[in-house]
S.K.: 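Pasting a structure here, questions to come.
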Amino acid sequence: MSIEALVFDVDGTLADTEEVHRRAFNLAFEELGLDWRWERAEYRALLAVTGGKERLRAYIDGLASSAPEKKRLHERVPELHAAKTRHYTDIARQGGIELRPGVARLLDEALGAGLRLAIASTTTAVNIDALLLATLGPGGLSMFDVIACGDQVRAKKPAPDIYRLALDTMGVPPERAIAVEDSANGVRSAVAAGLWTVVTPTFWTEGSDFSGAGLVLPSLADASLGVEELTRRATAVRPPNAVQALYRGA
Ligand code: XBP
Ligand code: MG
């Protein structure tokens, strides 16, 4: 059983983006006249909720405001998130975000070894496009056979839907793919979809419960843990029938 594809999460995995997301949220709050400000500690806790719109709704629900005020704020979420996305993509396009160590090397190595690349992310397509173009150049998007992201699935991570969408679109079974993630929600999503998963935590996710992950690394910088070694580890520990049973909910 060989590995045919690497499926990458985006935020925290390809690049350590959450500080920029946090800044973009605060710029949107200021632009739209809200006296909210998410400091690092609060944002780290809010990251338990995947999806920027869902995160805003969870924050509003936790406010001490009246029901009518909360309803009014919920109605502003689309406008708020659009403003936040505009600030985020502006920063990304201006080169404000770099790929994490070892990411570009692993992407090139995988393509050179004939593997396919895909993305399975909770963020929006416009954020991913801005990040990939700014960090990988004009050919960045075409490196990936599939970019599964954002609202393409109803149930976001930790649900397996986004990984299943990426695999189904590629026609690759989970036992022939490796996921690369940064967060507990991401690991739960990838593992539930049947993928052997590598985790590279950041400040925003370190110390989380990565149960089910195949390997936890500080980053992808260690070239000795390249495509060949990751493939060897993935195929050494997953008897095909066990993975298939997991994937098909048996
Ligand atoms: C991480 C997320 C996203 C980002 C914010 O996505 O949960 O919501 O925090 O981006 P990933 P949006 O699956 O790539 O780790 O505001 O566009 O949701
Ligand atoms: Mg992530």
Side-chain angles (χ1 to χ4, degrees), residues 8-60 72-104 107 117-144 146-153 156-157 162 180-183 185-186 200-205 219-220:
F8 285 85
D9 164 58
V10 173
D11 292 306
T13 301
L14 289 183
D16 190 352
T17 57
E18 292 298 350
E19 177 58 17
V20 174
H21 281 299
R22 184 182 74 88
R23 281 170 45 202
F25 276 112
N26 288 332
L27 288 168
F29 299 155
E30 187 180 343
E31 177 189 332
L32 296 176
L34 291 167
D35 63 354
W36 304 346
R37 181 165 176 75
W38 290 351
E39 300 301 348
R40 285 166 68 83
E42 180 172 30
Y43 188 62
R44 195 171 190 273
L46 285 166
L47 277 170
V49 178
T50 60
K53 295 190 292 292
E54 293 79 3
R55 196 166 303 141
L56 283 165
R57 294 190 189 108
Y59 176 74
I60 291 166
R72 191 184 68 80
L73 289 169
H74 275 296
E75 288 165 357
R76 296 192 68 188
V77 165
E79 172 199 13
L80 266 170
H81 193 251
K84 175 264 177 181
T85 299
R86 191 170 62 252
H87 288 295
Y88 176 87
T89 51
D90 284 351
I91 296 168
R93 289 186 185 117
Q94 289 157 22
I97 308 173
E98 295 180 350
L99 294 180
R100 288 190 68 187
V103 167
L107 294 174
L117 299 177
I119 279 174
S121 171
T122 308
T123 193
T124 57
V126 66
N127 284 354
I128 295 171
D129 290 358
L131 178 69
L132 294 184
L133 287 171
T135 56
L136 293 168
L141 287 172
S142 60
M143 293 175 78
F144 299 88
V146 172
I147 297 181
C149 62
D151 294 334
Q152 287 179 304
V153 291
K156 295 187 174 176
K157 299 176 183 176
I162 198 70
V180 188
E181 266 288 351
D182 73 300
S183 68
N185 282 324
T200 56
T202 67
F203 155 79
W204 303 99
T205 58
S219 78
L220 295 173

S.K.: Once you round to the nearest 0.5 Å, how far does CG of L117 lie from OG of S142?
M.R.: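 Those atoms lie 10.5 Å apart.
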S.K.: Which atoms form the tightest heavy-atom contact between L131 and T135, and what is the distance?
M.R.: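 The answer is O-OG1, 2.7 Å.
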S.K.: Compare every heavy atom of L99 with every heavy atom of A104, then report the nearest pair and how far apart it is.
M.R.: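 Shortest heavy-atom contact: CB-CD1, 4.1 Å.
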S.K.: Just verifying a value: how many Å separate F25 CZ and R37 CZ, rounded to the nearest 0.5 Å?
M.R.: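 Rounded to the nearest 0.5 Å, the CZ-CZ separation comes out at 13.5 Å.
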S.K.: Would D151 and K53 pass as an ion pair if we require N to O under 4.0 Å?
M.R.: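 So D151 pairs with K53 through a salt bridge.
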S.K.: Under the side-chain contact (heavy atoms from CB on, under 4.5 Å) rule, collect the residues that match up with T124, sequence neighbours excluded.
M.R.: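 For T124, the residues satisfying side-chain contact (heavy atoms from CB on, under 4.5 Å) (neighbours in sequence not counted) are H81, T85, V126, N127.
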S.K.: Should F144 and L107 count as side-chain neighbours, where that means a heavy-atom distance under 4.5 Å?
M.R.: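 A side-chain contact under 4.5 Å exists here.
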S.K.: Run the salt bridge (Lys or Arg N to Asp or Glu O under 4.0 Å) test against R44 and tell me which residues pass, sequence neighbours left out.
M.R.: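 For R44, no residue satisfies salt bridge (Lys or Arg N to Asp or Glu O under 4.0 Å) once neighbours in sequence are set aside.
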S.K.: Does any part of the side chain of L132, heavy atoms only, come nearer than 4.5 Å to the side chain of I119, both counted from C-beta?
M.R.: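 They are in side-chain contact.
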S.K.: If you define the side chain from C-beta out and look only at heavy atoms, does anything of D11 sit under 4.5 Å from E18?
M.R.: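 Result yes, sub-4.5 Å side-chain heavy-atom pair found.
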S.K.: Could you pull out the closest heavy-atom pair between T50 and R55, with the gap in Å?
M.R.: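 So the two residues come closest at CA-NH2, 3.8 Å.
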S.K.: Can you see which heavy atom on A58 is nearest to which on V49, and at what distance?
M.R.: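 What the structure gives for the nearest pair is CB-CG2, 3.9 Å.
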S.K.: V77 versus R57: any side-chain heavy-atom pair under 4.5 Å?
M.R.: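 Side-chain contact under 4.5 Å: yes.
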S.K.: Please list, chain by chain and in numerical order, all residues satisfying salt bridge (Lys or Arg N to Asp or Glu O under 4.0 Å) with E30, sequence neighbours excluded.
M.R.: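 Once residues adjacent in sequence are excluded, E30 has no partner under the salt bridge (Lys or Arg N to Asp or Glu O under 4.0 Å) criterion.
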S.K.: What residues, two or more places apart in sequence or in another chain, satisfy side-chain contact (heavy atoms from CB on, under 4.5 Å) together with P78?
M.R.: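 For P78 there are no side-chain contact (heavy atoms from CB on, under 4.5 Å) partners, ignoring immediate neighbours.
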S.K.: Mind checking ring-ring contact (aromatic ring centres under 6.0 Å, His included) for Y59 and listing every partner two or more places apart, or none if nothing turns up?
M.R.: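 Y59 satisfies ring-ring contact (aromatic ring centres under 6.0 Å, His included) with W36, W38 once adjacent residues are dropped.
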S.K.: Pick out which of T202, D16, T200 makes a side-chain hydrogen bond (donor to acceptor under 3.5 Å, both in side chains) with R100.
M.R.: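 The side-chain hydrogen bond (donor to acceptor under 3.5 Å, both in side chains) with R100 is passed solely by T200 among T202, D16, T200.
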S.K.: Output all residues satisfying side-chain contact (heavy atoms from CB on, under 4.5 Å) with S183, sequence neighbours left out; order by chain, then residue number.
M.R.: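 Listed in chain order: E181, N185, T205.
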S.K.: Apply ring-ring contact (aromatic ring centres under 6.0 Å, His included) to F8 and list each qualifying residue two or more places apart in sequence or on a separate chain.
M.R.: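 Testing F8 for ring-ring contact (aromatic ring centres under 6.0 Å, His included), a comparison that skips the adjacent residues, returns none.
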S.K.: Any side-chain heavy-atom pair from T122 and I162 closer than 4.5 angstrom?
M.R.: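 SC-SC contact between T122 and I162 ruled out.
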S.K.: If the condition is ring-ring contact (aromatic ring centres under 6.0 Å, His included), which residues does W204 pass it with, not counting sequence neighbours?
M.R.: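 ring-ring contact (aromatic ring centres under 6.0 Å, His included) check on W204 returns Y43.
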S.K.: Check step by step if side-chain contact (heavy atoms from CB on, under 4.5 Å) holds for F203 and R40.
M.R.: CA-CA 10 Å; F203 155 79; R40 285 166 68 83; 3.5 Å; yes
S.K.: Looking at residues at least two apart in the chain, or sitting in another chain, which of them share a side-chain hydrogen bond (donor to acceptor under 3.5 Å, both in side chains) with E31?
M.R.: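 With neighbours one apart ignored, the set is R86, H87.
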S.K.: Applying salt bridge (charged side-chain N to carboxylate O under 4.0 Å, His left out), run through K157 and D9 and close with a yes or a no.
M.R.: CA-CA 11 Å; K157 299 176 183 176; D9 164 58; 2.9 Å; yes
S.K.: Excluding sequence neighbours, so at least two apart, what forms salt bridge (Lys or Arg N to Asp or Glu O under 4.0 Å) with E79?
M.R.: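 With neighbours one apart ignored, the set is R76.
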S.K.: Output all residues satisfying side-chain contact (heavy atoms from CB on, under 4.5 Å) with E75, sequence neighbours left out; order by chain, then residue number.
M.R.: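 E75: side-chain contact (heavy atoms from CB on, under 4.5 Å) contacts with K71.
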S.K.: How far apart are the closest heavy atoms of I128 and C149, and which atoms are they?
M.R.: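 So the two residues come closest at CD1-CB, 3.5 Å.
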S.K.: Indicate the atoms forming the closest heavy-atom contact of H21 with T123, along with that distance.
M.R.: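 Between these two residues, the closest heavy atoms are CE1-OG1, 4.0 Å.
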S.K.: Taking salt bridge (Lys or Arg N to Asp or Glu O under 4.0 Å) as the test, write out the residues that go with K84, two or more places apart.
M.R.: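 K84 satisfies salt bridge (Lys or Arg N to Asp or Glu O under 4.0 Å) with no other residue.
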S.K.: Going from CD1 on I91 to CD1 on I97, what distance comes out if it is rounded to the nearest 0.5 angstrom?
M.R.: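 Rounded to the nearest 0.5 Å, the CD1-CD1 separation comes out at 7.0 Å.
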